[in-house]
Amino acid sequence: MQRIILHIDMDYFFAQIEERENPQFKGKPVVVGADPKGGKGRGVVSTANYEARKYGIKSGMPISKAYQLCPNAIFLPVNIDLYQKVSNEIMEIMEKYSPISEIVSLDEAYLDLTEYSHILENMRMFGEKIGIEKSHKRAEKLARQLKKEIFEKEKLTCTVGIGPNKTVAKLAAEKAKPDGLKMVKPDEVEKFLDPLDVDDLPGIGPKTAEKLREIGINKILELKKLSKEKLKEMFGKVGERIWERARGIDEEPVSSEEIIKSIGRQITFERDTRDAKLIFGTFEKLIKEVYEELMQNNFSFKTITVICRFKNFETHTKSETLKKPTKDFEIFKKEAKKLLLKFLIENTKLVRLIGVRVSNLS
DNA sequence: ATTGAAGTACACG
DNA sequence: CTAACGCGTGTACTTCAAT
């Protein structure tokens, strides 16, 4: 079955909302993220608008580096409640366009329009059977309409990619940003993918891209020369997915069902520390937050994992799996603290980050 | 031989 | 002074042990 998948991606989402709320920011570099604290901040950039990007500022970058690049930018904290509210409104609009949708994050979603086209075909609307060509025309029209509705109701722009599957739709959107609309039809997939960089493909991150670069592979066209077996040998199971994606093959369905598999919290201290009072006090807060979320979902847990990152960035985990699933807060607290204490006993380095996670939920 | 547990690596938004 | 690297969640891998 030939599908028609849309990927909807809001443009520089957090920063665009801040521009909307504060029109005086328009045309100026805006950086949403951690507090730069005069260049000493420890967090990272969440989103930067295009003016800020001109200075080389990108999401994920340490906020201290962003501050170096443009100290005069407008630095704003992440107002997640506002972004969540706006996101909900947008997703509600989006979901009217198809019963098959998938929300990926606050600012990204997929829609499967195949059904829609299919229904039209079978209905023989307007007295004629609608062929694949017309289905694509209709999908594009719907995408334009969706963009228009989001802009009129929310005063925010987005980019829509259309393709035969999620991978191609996402890449199409990626290449059409900002405020764009791009359709890649089934017979155009190869021509579209070949010149792209390998790390454009979902599943290829910095490490994988570097390994490929080492053997002289930079573009997807070159990546296709590697056999499935070779990629499997290099990257395991992921390698096979890479082989498929390089050829525009991706059967992943658009699906809204999400199963929570773990819940956790972690925090980086303002300064590296060995202060037991501070460490355990902070740890209790994390435990409480995790437990609260656990109870909101009425979950039992079986496995507790404690994460500890030291001054030198070495990160370690310790975990314990209980005999039986439980929802008991005291057991959670006691076991988690026991694990954290082990770290503090076997290691005297300053602590940068601590975290706690529960999994094996039921 | 299979399963489970512990710990780590990597990816993504 | 000796660079700088958050948070939350997921998958997959390796290693080791128990059944």
Side-chain angles (χ1 to χ4, degrees), chain A residues 7-14 32-37 39-48 56-69 77-78 80 83-84 87 102-110 166-167 170 173-174 198-212 232-242 245 252 258-270 272 286 289-290 293 302-323 339 342-343 346 352-361:
Chain A
H7 184 252
I8 300 116
D9 195 334
M10 299 305 296
D11 302 323
Y12 62 106
F13 191 50
F14 298 176
V32 180
D35 185 346
K37 296 188 176 159
K40 299 263 163 279
R42 296 246 227 177
V44 295
V45 174
S46 280
T47 322
I57 297 174
K58 286 188 278 195
S59 21
M61 171 183 282
I63 199 77
S64 50
K65 192 170 177 195
Y67 188 81
Q68 279 176 21
L69 291 168
V78 180
I80 199 74
Y83 313 150
Q84 181 71 64
S87 176
E102 178 176 337
I103 296 166
V104 182
S105 64
L106 284 187
D107 71 331
E108 277 183 49
Y110 290 99
K166 294 211 276 189
T167 298
K170 183 173 167 63
E174 205 57 48
V198 288
D199 60 357
D200 282 331
L201 279 187
I204 299 192
K207 303 280 181 181
T208 310
E210 174 58 20
K211 276 190 200 157
L212 289 169
K232 190 177 179 184
E233 177 200 316
M234 288 177 75
F235 305 113
K237 206 172 162 177
V238 185
E240 298 181 85
R241 294 287 87 70
I242 291 173
R245 285 173 175 175
E252 212 41 47
E258 56 138 3
I259 306 127
I260 299 172
K261 294 186 176 156
S262 70
I263 296 171
R265 288 283 183 281
Q266 55 188 66
I267 192 163
T268 300
F269 291 110
E270 300 241 344
D272 303 337
L286 298 179
E289 282 181 33
V290 170
E293 194 172 331
K302 209 154 103 78
T303 303
I304 302 163
T305 304
V306 169
I307 306 118
C308 194
R309 173 175 295 162
F310 297 100
K311 182 182 161 73
N312 60 357
F313 244 78
E314 257 178 66
T315 309
H316 298 280
T317 61
K318 286 191 191 297
S319 61
E320 203 201 20
T321 302
L322 308 170
K323 295 246 157 50
L339 291 169
K342 275 198 211 168
F343 274 122
E346 70 187 36
R352 181 184 176 94
L353 166 151
I354 51 169
V356 63
R357 170 166 301 279
V358 287
S359 54
N360 247 319
L361 307 178

For [N], does OP1 or OP2 lie under 4.0 Å from any side-chain N or O of [X]?
| X | N | answer |
| --- | --- | --- |
| A:Arg357 | C:dG8 | no |
| A:Lys237 | C:dA12 | yes |
| A:Arg352 | C:dG6 | yes |
| A:Lys40 | C:dA3 | no |
| A:Thr303 | B:dA5 | no |
| A:Arg309 | C:dG6 | yes |
| A:His316 | B:dG7 | no |
| A:Ser64 | C:dA3 | no |
| A:Thr305 | B:dA6 | no |
| A:Lys261 | C:dG8 | no |
| A:Ser262 | C:dT9 | no |
| A:Ser319 | B:dG7 | yes |
| A:Lys207 | B:dC10 | yes |

**Message:** Assess whether a salt bridge exists between A:Glu289 and A:Arg265, defined as any Lys/Arg side-chain N lying under 4.0 Å from an Asp/Glu carboxylate O.
**Reply:**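 Salt bridge: yes.
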
**Message:** What I want to find out is whether A:Glu346 reaches A:Lys318 closely enough, with some N-O distance under 4.0 Å, to be called a salt bridge.
**Reply:** yes

Rounded to whole angstrom units, what separation is found between the [atom1] atom of [X] and the [atom2] atom of [N]?
| X | N | atom1 | atom2 | result |
| --- | --- | --- | --- | --- |
| A:Asn312 | C:dA4 | CG | P | 14 Å |
| A:Asp11 | B:dG13 | CG | P | 15 Å |
| A:Lys37 | C:dG6 | NZ | P | 13 Å |
| A:Ile307 | C:dC7 | CD1 | C1' | 10 Å |
| A:Ile63 | C:dG6 | CD1 | C1' | 11 Å |
| A:Phe235 | C:dC13 | CZ | P | 13 Å |
| A:Asp9 | B:dG13 | CG | P | 8 Å |
| A:Lys166 | B:dG13 | NZ | P | 12 Å |

Listed nucleotide nearest any side-chain atom of [X], set [options]:
| X | options | answer |
| --- | --- | --- |
| A:Thr268 | B:dG13, B:dA5, C:dC7 | C:dC7 |
| A:Glu293 | B:dG7, C:dT9, B:dG13 | C:dT9 |
| A:Leu353 | C:dC7, B:dT8, B:dA11 | C:dC7 |
| A:Gln266 | C:dG8, B:dG13, B:dA5 | C:dG8 |

Assign [X] to base, sugar-phosphate, or nothing according to its heavy-atom contacts below 4.0 angstrom with the strands shown.
| X | result |
| --- | --- |
| A:Arg265 | sugar-phosphate |
| A:Ile260 | sugar-phosphate |
| A:Gly203 | sugar-phosphate |
| A:Lys302 | sugar-phosphate |
| A:Ile267 | sugar-phosphate |

**Which residue lies more 5' along DNA chain C, comparing A:Val238 with A:Phe313 via nearest heavy atoms** = A:Phe313

**Prompt:** Hey, which of these two, A:Pro62 or A:Gly264, hits DNA chain C nearer its 5' end, going by closest nucleotide?
**Reply:** A:Pro62

**Message:** So which atom in A:Ile307 and which in A:Val356 form the shortest heavy-atom distance, rounded to 0.1 Å?
**Reply:**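 Heavy atoms only, the tightest pair is CD1-N, 4.1 Å.
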
**Asked** Any luck finding a side-chain donor-acceptor pair between A:Thr47 and A:Ser59 under 3.5 Å?
**Response** no

**Prompt:** Should the pair A:Phe343 and A:Phe310 be assigned to parallel (<30°), tilted (30 to 60°) or perpendicular (>60°) ring geometry?
**Reply:** perpendicular

**Main-chain N/O of A:Ile103 paired with A:Ser105 side-chain donor or acceptor, under 3.5 Å** = no

**Asked** Side chain of A:Arg42, backbone of A:Phe269: donor and acceptor closer than 3.5 Å?
**Response**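 Looks like yes, one N/O pair under 3.5 Å.
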
**Integer angstrom distance from the P of B:dC12 to that of C:dC5** = 22 Å

